[in-house]
There are 2 protein chains.
Amino acid sequence: MSTPALALPRIARVTLNEKAYEGLKQALLAGRLEPGSTLTLRQLAEQLGTSMMPVREAITRLSAEQALAVLPNRGIVVPELSDDDAGDIWELRIKLEGEACARAARHADPAQARHIGQLAAAVESAARRADLHGVLAGNSDFQFAIYELAASPVMLQLIEILRMRSVPHCTAAIRVLLAERPPYYARSWANHAAIVAAIANGEPSGARRAKQRDLREFRAFVNEVRRRPR
Amino acid sequence: MSTPALALPRIARVTLNEKAYEGLKQALLAGRLEPGSTLTLRQLAEQLGTSMMPVREAITRLSAEQALAVLPNRGIVVPELSDDDAGDIWELRIKLEGEACARAARHADPAQARHIGQLAAAVESAARRADLHGVLAGNSDFQFAIYELAASPVMLQLIEILRMRSVPHCTAAIRVLLAERPPYYARSWANHAAIVAAIANGEPSGARRAKQRDLREFRAFVNEVRRRPR
DNA sequence: TATAGTTAGCTGTGATCACAGATGTCAATC
DNA sequence: GATTGACATCTGTGATCACAGCTAACTATA
């Protein structure tokens, strides 16, 4: 034992395919990709300044998670959800994200709760500016900040998988939300406030209820928009 | 409209990397790989009779799902679970697999219920022969037959992800189970029977309770074995 | 004999190339 | 003028190669 335990920071070995994966995942979670959008490996490789190799591994992963679909010899597409799959995913989101909010309420300290509140306020302010991109990104930040507090990496992973499929399914509805400000527009902020309050007060079941109410109402709104004739 | 809608069966395009992935996934779910086992890309490629290419994409996917871990320049290993991660995964398994059993009880018809019962009997008979491999494979068949009945592809996907990490963590305990036949040995078959009965009688909440009891008791047994000095 | 330094042999990662399959354009045909 | 067929082009897939990093065995040193 000659070395005095320098405790050097572990060198993170980040491969290019991980970077590519992370970039595409964030794009999906933030709603920057809409169902039907098409991509190609060569395109993405050029954008990232790499060869096709890392990109295709990222795409393989995402298509395994069904966040993207590979059309043989025809490119990559952000998939549309069937009604069955959409319903299935909503049910699981309600279950898991509700649970995550409950755990967050159990673990959050006052500083963390305050931070969550600020993120919620940021979403609302982006909405007032009708800034679609800002709302989507802010929402993602707000929600995942809560799920981080749940201190369950495995649950976080599952929620990410569900949301990568769910978020693109919802962006069209959010666009309508910002343009038309229908009844759900106000309810949404009320639900966010209830979640923030329950977390601040350490009320797990209240947080779960508020989150689940928010998701159910949002689902209803998304379905309503989707049923409209184009 | 000249073609009379032949409704030709869709040609399933199965790529080599999918086959490699599927093979490794089944090996993990059936408990044929134990924590600490090491693999290499070139080894696997030779076994499969392909180049490294399809194998590495399969490994990339599995390491993304944390079912395998890639040690840079040192091969691939079936990871050990930390206590935190193991606890995390158990909680989610209890939640999701319980829910899946409830849904199976809601949907199963008598023929399907009978089939589930046969699979449970097969596990028990393999156990009487102390056939580790048979128990592991049979158990996997039994459980996934139930989860198929839940008719929720998304839930099935999440359960697979959790089990790929959880099963290797448990094989050592199952080996002890077959060798020593401790108290849990009998309880286990009673729990299986309760699950089968609840599904046959269409009792969702009974099926959930029985499954969750089984998982909790199994977790306790696994932890007990792990705490033993080697 | 014990230890430090070197080297040879592995590993996964990334780049490049060859190829089969799908698509859409465009000309030849009825 | 509508329909069919061929062809050029673009796609993901798989193979092969080059490379840097880590190990472990080996050798030279004290």
Side-chain angles (χ1 to χ4, degrees), chain A residues 1-4 6 8-25 28 33 35-79, chain B residues 1-6 8-25 28 33 36-79:
Chain A
M1 198 65 103
S2 58
T3 64
L6 273 177
L8 289 173
R10 228 172 161 13
I11 298 171
R13 182 185 155 81
V14 179
T15 58
L16 289 180
N17 77 56
E18 269 177 283
K19 283 188 203 169
Y21 175 78
E22 207 57 32
L24 286 164
K25 183 172 87 176
L28 282 162
L33 295 172
S37 320
T38 61
L39 310 163
T40 73
L41 290 180
R42 289 169 175 84
Q43 239 172 57
L44 289 167
E46 192 169 9
Q47 275 183 37
L48 294 168
T50 72
S51 80
M52 275 166 46
M53 203 72 241
V55 177
R56 60 195 278 195
E57 298 204 316
I59 298 289
T60 309
R61 282 170 62 173
L62 290 164
S63 84
E65 292 161 345
Q66 313 211 42
L68 296 177
V70 176
L71 312 178
N73 307 318
R74 281 194 302 124
I76 296 137
V77 65
V78 183
Chain B
M1 195 96 76
S2 58
T3 65
L6 273 179
L8 289 174
R10 229 170 163 15
I11 298 172
R13 183 187 156 79
V14 179
T15 58
L16 289 180
N17 78 56
E18 268 177 286
K19 284 188 202 169
Y21 175 79
E22 207 57 32
L24 287 164
K25 183 172 87 177
L28 282 163
L33 295 173
S37 320
T38 61
L39 310 162
T40 72
L41 291 180
R42 289 168 175 85
Q43 236 172 60
L44 289 167
E46 192 169 10
Q47 274 184 38
L48 293 169
T50 72
S51 79
M52 277 167 44
M53 203 72 240
V55 178
R56 60 195 278 197
E57 297 203 318
I59 299 289
T60 309
R61 280 168 65 172
L62 289 163
S63 84
E65 292 161 346
Q66 314 211 41
L68 295 177
V70 177
L71 311 177
N73 307 318
R74 279 193 305 126
I76 296 136
V77 66
V78 183

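Residue numbers start from 1 in every chain, and the chains themselves are labelled A, B, ... in the order their sequence lines are given, proteins ahead of strands. Quick note: numbers below take in every heavy atom, side chains included, and nothing from hydrogens, waters or symmetry partners.
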Trainee: Can you give the donor-acceptor pairs under 3.5 Å from side chains of residues 37-45 of chain A to other protein atoms, not counting sequence neighbours?
Mentor:
residue : atom : partner : partner atom : Å
A/Ser37 : OG   : A/Glu34 : N            : 3.2
A/Ser37 : OG   : A/Glu34 : O            : 2.4
A/Thr40 : OG1  : A/Gln43 : N            : 3.1

Trainee: Counting only non-hydrogen atoms, which of residues 41-56 of chain B are less than 4.0 Å from DNA chain D?
Mentor: B/Ser51, B/Met53, B/Pro54
Trainee: Extract, from 5' to 3' on DNA chain C, the first and final nucleotides lying under 4.0 angstrom from some heavy atom of chain B.
Mentor: C/dT11 to C/dG14
Trainee: Only pairs under 3.5 Å count here: list side-chain donor-acceptor contacts from residues 46-56 of chain B, not counting sequence neighbours, and write none if there are none.
Mentor:
residue : atom : partner : partner atom : Å
B/Ser51 : OG   : B/Met53 : N            : 3.2
B/Arg56 : NE   : A/Glu57 : OE2          : 3.4

Trainee: Enumerate the residues from residues 64-76 of chain B whose closest heavy atom to DNA chain D is under 4.0 Å, giving them by residue number; use none for an empty result.
Mentor: B/Asn73, B/Arg74
Trainee: Can you tell me which stems DNA chain D forms when a stem means 3 or more consecutive Watson-Crick or G-U pairs under 3.5 Å?
Mentor: C:1-30 with D:1-30
Trainee: List the atom pairs, with distances to 0.1 Å, where a side-chain N or O of residues 62-75 of chain A and a protein N or O form a donor-acceptor pair under 3.5 Å, not counting sequence neighbours.
Mentor:
residue : atom : partner : partner atom : Å
A/Ser63 : OG   : A/Thr60 : O            : 3.3
A/Glu65 : OE1  : A/Tyr21 : OH           : 2.9
A/Glu65 : OE2  : A/Tyr21 : OH           : 3.2

Trainee: Assess whether side chain to side chain contact (heavy atoms under 4.5 Å, CB included) is satisfied between B/Lys19 and B/Glu22, documenting all intermediate values.
Mentor: CA-CA 5 Å; B/Lys19 284 188 202 169; B/Glu22 207 57 32; 5.7 Å; no
